[in-house]
Amino acid sequence: MDDKSMLEVYPNPIILQSEGLLKYILETSVYPREAETLKELRNATTKHPLGFMGASPDVGQLMALLLKLLNAKKTIEVGVFTGYSLLLTALNIPRDGKITAIDPDRKSYEMGLPFIKKAGVLHKIEYIESLALPVLDKLLQDPANEGTFDFAFVDADKNNYLNYHERLIKLVKIGGIVAYDNTLWGGTVALPEMAVSKPKRDWRRCALDFNKAISKDSHLEIALVSIGDGLTICRRVC
């Protein structure tokens, strides 16, 4: 069976929901509560050549709820892009809260910077233009950083998710949360490999490996949520 025939049998899904249902969710409970600066940034991101990489607003709404439930004050973000999730986090932590935001693509970050400034939350953000692993390793070189972050969000290169997890689970406090985006990879994790377009196969395998490993991690309570492109929520318990 060729790729076209496979895709007819296994159509590209909106994860566990119809497009109509997703539209209903967004229009009923997400968009009406979305901060104006977030909406403006989301719309601006659509003009980016890789605009599809922007964080899903329904994922953002869930993140905002988690941040408030945690009373999060110190957070870390691996993968910033234009900054939708970064701005959302900054809007939902206290005025003296701090976000360590790591991404090597400063140009995309600067696309979102006017909206961050407009929202009056730039003082909460320490943006580090770098690959993430060297920054995380540097943080861990100081034992005083271990167990001090309330929340972490990861939306970056999927082949490094396990490497990020190894470090972040030490940086986040017991009771804190690490959330990983895109862990259902367009629903392809549930399809046979031959039903998946070739460009998506490598990161599909990364998602499968990550999901399998994380499910066995005794340091965590987890929930793999079918929202956006899949969000894995990990609560550190020991």
Side-chain angles (χ1 to χ4, degrees), residues 30 33-35 37-38 41 54-103 109 112 116 119 121-128 130 132-133 135-140 142 144-158 160-183 210 214 217 219-225 227-238:
V30 179
R33 292 174 174 264
E34 187 180 36
T37 47
L38 282 171
L41 175 51
S56 173
D58 48 343
V59 169
Q61 187 178 61
L62 178 57
M63 279 178 56
L65 185 61
L66 292 173
L67 288 162
K68 289 175 180 176
L69 288 171
L70 286 170
N71 294 314
K73 188 173 181 179
K74 184 179 180 183
T75 78
I76 190 165
E77 182 155 334
V78 176
V80 173
F81 192 43
T82 63
Y84 185 92
S85 56
L86 179 60
L87 173 55
L88 179 137
T89 300
L91 288 168
N92 286 282
I93 61 175
R95 180 168 180 78
D96 60 345
K98 293 296 178 184
I99 309 165
T100 300
I102 313 165
D103 198 303
Y109 167 67
I116 292 171
V121 294
L122 182 60
H123 66 282
K124 300 181 186 181
I125 297 167
E126 179 189 5
Y127 174 77
I128 302 174
S130 173
L133 290 177
V135 177
L136 298 177
D137 285 339
K138 186 176 180 180
L139 286 170
L140 285 169
D142 182 355
N145 288 321
E146 293 192 23
T148 62
F149 288 85
D150 303 302
F151 181 86
F153 179 64
V154 183
D155 185 5
D157 48 325
K158 316 310 169 190
N160 267 317
Y161 268 27
L162 282 172
N163 291 324
Y164 296 145
H165 179 72
E166 178 185 325
R167 292 154 175 81
L168 288 169
I169 207 63
K170 297 175 184 176
L171 290 166
V172 170
K173 69 181 184 182
I174 293 175
I177 284 176
V178 186
Y180 297 91
D181 203 10
N182 306 117
T183 51
F210 176 76
I214 217 80
D217 191 333
H219 299 93
L220 309 173
E221 293 175 334
I222 68 168
L224 177 47
V225 184
I227 187 172
D229 192 28
L231 184 72
T232 298
I233 303 166
C234 305
R235 178 177 177 266
R236 182 183 173 188
V237 295
C238 63

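Quick note: numbers below take in every heavy atom, side chains included, and nothing from hydrogens, waters or symmetry partners.
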> Should Thr100 and Phe149 count as side-chain neighbours, where that means a heavy-atom distance under 4.5 Å?
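Yes - at least one pair of side-chain heavy atoms lies under 4.5 Å apart.
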> Are any side-chain N or O atoms of Lys124 and backbone N or O atoms of Ile93, one a donor and one an acceptor, separated by less than 3.5 Å?
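Yes, Lys124 side chain to Ile93 backbone: donor-acceptor pair under 3.5 Å.
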> Please confirm whether the backbone N or O of Ile169 pairs with a side-chain atom of Arg236, one donor and one acceptor, at under 3.5 Å?
yes
> Can you measure from CG (Asn182) to CG (Asp155) and round to the nearest 0.5 angstrom?
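It is 5.0 Å, given to the nearest 0.5 Å.
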> Roughly how far, to the nearest 0.5 Å, is the SG atom of Cys234 from the CG atom of Asp217?
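If I round to the nearest 0.5 Å, the distance is 7.5 Å.
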> Is any side-chain heavy atom of Asn160 less than 4.5 Å from a side-chain heavy atom of Val78?
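Side-chain contact under 4.5 Å: no.
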> Less than 4.5 Å apart, any side-chain heavy atom of Tyr164 and any of Leu133?
yes
> Name all pairs fulfilling the salt bridge (Lys or Arg N to Asp or Glu O under 4.0 Å) condition that reach into residues 64-78, sequence neighbours left out, sorted by first residue then second.
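Every salt bridge (Lys or Arg N to Asp or Glu O under 4.0 Å) pair that includes a residue of residues 64-78, provided the two are not neighbours, is Lys73-Asp96.
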> Which atom pair, heavy atoms only, marks the closest approach of Ile177 to Ile233?
CG2-CG2, 3.8 Å
> Return the minimal non-hydrogen interatomic distance between Gly228 and Ser56, and the atom names on each side.
CA-OG, 3.9 Å
> Among Ile102, Ile76, Leu140, which one satisfies side-chain contact (heavy atoms from CB on, under 4.5 Å) with Val135?
Ile102
> Looking at side-chain heavy atoms only, is the closest gap between His165 and Leu220 below 4.5 Å?
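Yes - at least one pair of side-chain heavy atoms lies under 4.5 Å apart.
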> Can you name the salt bridge (charged side-chain N to carboxylate O under 4.0 Å, His left out) partners of Glu166, sequence neighbours left out?
none
> Can you give me the closest heavy-atom contact between Val154 and Tyr161, atom names plus distance?
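Here Val154 and Tyr161 meet closest at O-OH, 3.4 Å.
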> Would you give the length of the straight line joining atom CG of Leu86 to atom CZ of Phe153, rounded to the nearest 0.5 angstrom?
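Result: 10.5 Å between the selected atoms.
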> Determine, step by step, whether Phe151 and Asn92 satisfy the side-chain contact (heavy atoms from CB on, under 4.5 Å) criterion, reporting the C-alpha distance in whole Å, the side-chain angles of both residues, the deciding distance to 0.1 Å, and the verdict.
CA-CA 12 Å; Phe151 181 86; Asn92 286 282; over 6 Å; no
> Do Val121 and Thr37 have side-chain heavy atoms sitting under 4.5 Å apart?
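When only atoms from C-beta onward are counted, Thr37 and Val121 do not touch, as no gap falls below 4.5 Å.
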> Would you compute the distance between atom CG of Leu88 and atom CE of Met63 and round it to the nearest 0.5 angstrom?
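Between atom CG of Leu88 and atom CE of Met63 there are 5.5 Å.
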> Verify whether one side chain among Tyr127 and Asp103 offers a donor that lies under 3.5 Å from an acceptor in the other.
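No pair is found: no donor N or O on one side chain lies under 3.5 Å from an acceptor on the other.
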> Using modelled atom types and a 3.5 Å cut-off, is there a donor and acceptor pairing between side-chain atoms of His123 and backbone atoms of Arg95?
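Yes; at least one donor-acceptor contact below 3.5 Å.
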> Find the distance between OH (Tyr180) and CG (Leu224) and round it off to the nearest 0.5 Å.
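So the OH of Tyr180 and the CG of Leu224 are separated by 13.0 Å.
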> Assess the residue pair Ile214 and Thr183 against the criterion (side-chain contact (heavy atoms from CB on, under 4.5 Å)); give the C-alpha distance rounded to whole Å, side-chain angles, the decisive distance to 0.1 Å, and a yes or no.
CA-CA 11 Å; Ile214 217 80; Thr183 51; over 6 Å; no
> Can you run down the salt bridge (Lys or Arg N to Asp or Glu O under 4.0 Å) pairs that involve residues 172-182, sequence neighbours left out, and say none if there aren't any?
Asp150-Lys173
> If you take all heavy atoms of Ala72 and Pro94, which pair is closest and at what distance?
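Distance-wise, the nearest heavy atoms are O-CD, 3.2 Å.
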> So how far is it from Leu38 CG to Leu91 CG, rounded to the nearest 0.5 Å?
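Reported value, rounded in 0.5 Å steps: 5.5 Å.
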> Specify the closest pair of heavy atoms between Pro57 and Glu34, including all atoms of both residues, with the distance to one decimal.
CB-OE2, 4.0 Å
> Could you report the tightest heavy-atom contact between Leu168 and Ala152, atom names first, then the distance?
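Distance-wise, the nearest heavy atoms are CD2-CB, 4.1 Å.
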